[in-house]
Each structure stands twice: as C-alpha cells, then as structure tokens.
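Encoded as structure tokens, the structure appears first; notes follow it.
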Amino acid sequence: MKLHEYQAKEIFAKYGLPVTSGMLVKHLSEVDEALKKFPNGPWVVKAQIHAGGRGKAGGVKLAKNEMEVSQKATDILGMTLISPQTGPQGKVVKKIFITPAVDYTKELYVSVVLDRAHRCPVILASAEGGTEIEELAAHKPEAIQKVYIDPIQGLHPYQARQLHLSLGLPPDKINQGAKLFQGLVKIFMDLDLSLIEVNPLVVLKDGSIHCLDAKVSFDDNGLPRHKEYISWRDPDEEDPRELQAAEHGLSYISLDGNIGCLVNGAGLAMATADAIQHFGGSPANFLDVGGGATTKAVTEAFKIILSDNRVKAILVNIFGGIMKCDIIAQGIIDAAKQVSLSLPLVIRLEGTNVEKGKELLSKSELKYSFASSMDEAAKAIVVAAQGVKS
Ligand code: GDP
Ligand code: MN
C-alpha cells in the first residue's frame, strides 16, 4: 500500500523528522482556509497522486503570492498528470497539498528498501538528489552509496554519522543528520515498509537538513500489524480490478498486454506469463485463483478479466492437484455461461482426473480449444489474440 506525500509527512512529523506541514485540499473552495492556516508565503502547490516525477510533469508549482496559490491550485486540481510512473494514460489529480515553500541550497537523495540478496534493509543515498534514482542507477551507479542495516540492531549511530559525512553534509549538523537517517530506518522497521524515500533531502541556508518530499510504501503482508493505517489507503489511486480481486480472495495484478490469464498457483501464473511472452504475446494480467479454484472464484476471475477491454483472448491454465480437474472444468463451464464469454478461449488442464475434466468440457457448449502442454497453450493463445481485431 502506497501513501500520499501528505500522509507520509504526517508519519515523519510523528517521528520528529524535519518536514514542513501543510493542508490537504480537495476543492478550490478550501484554498482560502489553507492560506489562513499557513499565511506566510511563498508556497508550493503539490499534486497528491501515487506516482513520482510530479514536478517534471507540472504537478508541483511554486506560488509567490496568494493569487498565484489560487491559480496553481486551479491548474493542478483535476489535471491529468503524465509522468514516467503514471503510465501513458496518466492520473487525474483529485487532491493537492498546499505548504509553505522551503529555501534550500542543495538536493540529496535517501531511501530505505529491502535488499533481498543481502537479507536486510539497505539505505540508498546520494549527494545527487532531485533526479530520479532509476536514472542515477543507470548512468552513474557509483554515485549511490549503500549502507546495510542489521535487521535486529538497526542502524548503528556510527553508520549514520559516517553516511552524513560521506554525503558531504555540513559537519556541524552531524547529530541532526544521524538522527534523521536513524529515524528513517526506525519508521521503515516499525511499520514494516517496503520503501521509504526522501527525494530530495535538502540542505537549508543555515546548514540544517530537511525532507522536502516523502514517499512511503507499506508491505501489504505487514499491514495487518498496523491496522491504524489501513484506512489511509486511497481507493482513487488503486486499480479497481485489483480491489475487486482482493475482495474475492484472488490475487490479481494488471499488466499491459492483451491476453487474459486465469491460472491457479502463483508460480504457474508467472510461468504462464513467461510462456506467453516467449511466444511473442503479452499478458494482460497476472491472476492466481488460488488452490481452491471454485466455480465462484473462477466466475469472479472471468468477470475481472472481461472488464478489461484490452483483453482479446483468454488462457485458462489450471493444474488439478488437491482440487480435481473435473470440478475445475465444471467451474469453467458454469462461469463462462454466467459471463457469456465470447472471446477466444484456450484451456490447458493437467493433473488429477484430467480425463473426466476433458470429457465434461467436450460435452459442454463452451467454445474453446484444448491444449495439452504449456507451450502449446501459450502458442495457441498468442495466435488467437493476434487474430482478434483491436
Ligand atoms: P516529485 O517530482 O514528485 O518527486 O515531487 P517533489 O516533492 O520532489 O518536488 C519536485 C521538485 O519541486 C523538487 O525537486 C524541487 O525542485 C521543487 N520543490 C518542491 N518543493 C519545493 C520548495 O519548498 N521550495 C523550492 N524551492 N522548490 C521546491
Ligand atoms: Mn520527489
């Protein structure tokens, strides 16, 4: 679960990290109230969407006077922001954050993520902030410093001080810097985050350090331990199909292609996506209907896949283990009837009672082609999707 900048900054403030507060505005009528609360300009008007690169896309604007705040708010609220992280369709801005602007002399980058290879959290930091970290990693990886964190002991004070100095931050602010890095790591650990990022971290005129931006992503597996934040989820920012899937216990992730995939088991779902890609196709989604794969789950899965109008063909790839193939076949037949399926459908069934399953399918009125291997299924669905006019 991702948070908005204004929410992340609320957490930062709770942990005593230096951020500027501001007011969240959803309607232009609230701008005056924000100006009353924060009467001293200049201000920054910032689009609140779950994607980085807002500045370059025109979603972060400086305003010198009150008139300009209203103007920028009018410009940004309701605009469609297109940044490298929003996808080509962009995201409509439904909320803005109005906050006093900060005057600074230097931009840096710092984040904490999980390093799976080292099995511990790691701080990524660079004296070259402001740009996207992906860009820096691609063109100048040596400019990124890494500090590995002992998951039990946390970030040692000496590591935090060392990082402060190696980033070229003012030596007389070493205690403030060290506290800040330790604070970021503490938030990361306390809240089971998958990412905490400050880009840019800035140095003010007096040498002190300030978090100008804030990004926080929770690890969804840890969220049940942080119930107070569950209501912070913003449905405006979530893929409606992913939300619908989650409600029915399906695990679904939208992808960019045109082949709908209905698979049981996460490993098989990934292998299916790979096989489709291998034969020149492109999956529209990752969908794991789970071990049970009941008629209800399969029906919901079909509904979710069909609600995506990019989908031109559907591949069902099911391995009957504990759940037998005949039961699954019946599930597919019933579900397809309920959703009046008309797209090309390729089915590959394997495992317990596969013969019974095949018999049920062939006796049904369902229009489909049967594939007896993964390769055959992937090849067939790629050809089928290519044959459908978009
Ligand atoms: P992002 O583009 O989504 O990462 O949004 P940021 O919050 O990082 O803002 C983008 C850019 O706007 C920053 O890199 C700064 O250059 C600029 N900016 C944001 N807030 C301020 C501010 O308070 N003062 C000044 N001078 N610039 C700001
Ligand atoms: Mn930023």
Side-chain angles (χ1 to χ4, degrees), residues 2-13 17-25 34-35 37-66 68-69 71-73 75-77 79-87 90-113 124-137 143-144 167 180 184 193 195-217 234 236-237:
K2 287 184 184 172
L3 294 187
H4 284 295
E5 174 195 357
Y6 79 92
Q7 296 169 316
K9 283 186 171 170
E10 205 174 311
I11 296 176
F12 278 36
L17 302 189
V19 286
T20 311
S21 59
M23 189 175 133
L24 183 75
V25 166
L35 288 170
K37 267 193 182 163
F38 300 94
N40 298 319
W43 297 265
V44 204
V45 180
K46 308 184 83 173
Q48 297 297 291
I49 54 164
H50 283 186
R54 296 165 302 166
K56 275 188 204 149
V60 177
K61 294 266 199 253
L62 224 61
K64 290 192 285 291
N65 53 48
E66 301 194 354
E68 275 189 20
V69 174
Q71 265 167 16
K72 308 290 176 193
D75 293 346
I76 297 175
L77 256 182
M79 81 183 285
T80 302
L81 258 191
I82 303 172
S83 89
Q85 292 183 23
T86 60
K91 261 186 178 169
V92 178
V93 179
K94 297 190 173 166
K95 308 169 187 71
I96 52 173
F97 190 53
I98 298 181
T99 171
V102 168
D103 202 10
Y104 59 87
T105 57
K106 195 173 171 359
E107 293 190 328
L108 299 97
Y109 173 94
V110 62
S111 68
V112 186
V113 289
L124 303 177
S126 174
E128 298 179 33
T131 42
E132 302 297 321
I133 192 67
E134 292 84 358
E135 230 166 81
L136 200 59
I144 302 174
L167 285 171
L180 193 149
L184 289 174
L193 301 185
L195 167 81
I196 185 163
E197 184 186 72
V198 185
N199 189 22
L201 180 74
V202 295
V203 181
L204 308 184
K205 284 211 171 102
D206 67 356
S208 60
I209 307 155
H210 196 80
C211 303
L212 201 68
D213 193 7
K215 204 181 263 184
V216 159
S217 295
D234 183 352
D236 284 347
E237 296 287 329

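Values below: every heavy atom of this structure, side chains too, minus hydrogens, waters and symmetry copies. Both counts, for ligands and for their atoms, begin at 1 and track the order of listing.
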Exercise. Under 4.0 Å between a Lys/Arg side-chain N and an Asp/Glu carboxylate O for Lys94 and Glu237?
Worked result: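 Result for this pair is no, no salt bridge flagged.
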Tell me if a side-chain donor or acceptor on [X] pairs with a main-chain N or O of [Y] at a distance below 3.5 Å.
X: Ser83; Y: Gly52; result: yes
X: Trp43; Y: Lys61; result: no
X: Gln85; Y: Gly53; result: no
X: Ser217; Y: Leu195; result: no
X: Ser126; Y: Tyr109; result: no

For this session: Just do the side chain to side chain contact (heavy atoms under 4.5 Å, CB included) check on Val69 and Leu35 with the steps written out, would you?
Result: CA-CA 9 Å; Val69 174; Leu35 288 170; 4.0 Å; yes
Exercise. Under the ring-ring contact (aromatic ring centres under 6.0 Å, His included) test, which residues partner His50, sequence neighbours left out?
Worked result: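 So His50 forms a ring-ring contact (aromatic ring centres under 6.0 Å, His included) with His4.
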Problem set entry | Neighbouring protein residues of ligand 1 - any heavy atom closer than 4.0 Å |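 Contacts of ligand 1 under 4.0 Å: Val44, Lys46, Gly52, Gly53, Arg54, Gly55, Val60, Leu62, Ala101, Val102, Tyr104, Glu107, Asn199, Pro200, Leu212, Asp213.
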For this session: At a cut-off of 2.8 Å, list the protein N/O/S atoms near the Mn ion (ligand 2), residue plus atom name.
Result: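 Metal shell, protein only: Asn199 O, Asp213 OD2.
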For this session: Mind jotting down which residue pairs meet the salt bridge (charged side-chain N to carboxylate O under 4.0 Å, His left out) criterion with at least one end in residues 43-58? Sequence neighbours excluded, please.
Result: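 Listed by first then second residue: Glu5-Lys46, Glu5-Arg54, Arg54-Asp213.
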